[in-house]
Amino acid sequence: MNHLLKVPALAVRAFSSSTRQLRNKVPEAQKLFQEDNGLPVHIKGGTGDVLLYRATMTLTIAGTCYSLYWLLIASLPQRKA
């Protein structure tokens with residue numbers, strides 16, 4: 001039971017801003033994304049962004065084709081047995 005009384009003190013210590021200083025990374029990201037290197041903004045982040053973009057496009061195209069296939073199947077008349 002005694003360890004439950006220490007939880008608020010640990011929470012305050014864990015979220016205190018005086019224990020560690022975080023470095024502002026926004027100016028570095030602004031330089032990266034505002035740089036004129038001919039790339040669209042959605043892939044300027046590197047390899048991870050390119051892979052995420054390609055996976056998204058693949059899933060989108062595959063889902064569209066799958067939907068169109070079932071729409072075609074639903075629009076055809078049913079064969080009678």
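No experiment lies behind these values; they were computed from the predicted model shown. The basis for the numbers below is simple: all heavy atoms, side chains too, and nothing from hydrogens, waters or symmetry mates.
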J.: Would you mind telling me which of Leu51, Leu52, Val50 makes a side-chain contact (heavy atoms from CB on, under 4.5 Å) with Ile43?
T.: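 Exactly one candidate clears the test, Val50.
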J.: Any link between Met57 and Leu39 through a network of hydrophobic side chains (Ile, Leu, Val, Met, Phe, Trp, Tyr) touching at under 4.5 Å?
T.: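 The answer is yes; both residues are in one hydrophobic cluster.
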J.: Heavy-atom distance under 4.5 Å between the side chains of Glu28 and Arg23, does that happen here?
T.: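 Glu28 vs Arg23: side chains touch.
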J.: Verify the cluster assignment for Leu32 and Val26: are they in a single hydrophobic cluster under the rule of side-chain heavy atoms below 4.5 Å apart?
T.: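 In one cluster: no.
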J.: Is the side chain of Lys44 donor-acceptor paired with the backbone N or O of Glu35 at a distance under 3.5 Å, no angle test?
T.: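 Present.
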J.: Does a side-chain heavy-atom distance below 4.5 Å link Tyr69 with Ile73?
T.: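 Yes. Closest side-chain heavy atoms under 4.5 Å.
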J.: Return yes when atom CG of Asp36 has more than 12 non-hydrogen atoms of other residues, nucleotides or ligands closer than 6.0 Å, and no otherwise.
T.: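 Atom CG in Asp36 is not packed in, count stays at 12 or less.
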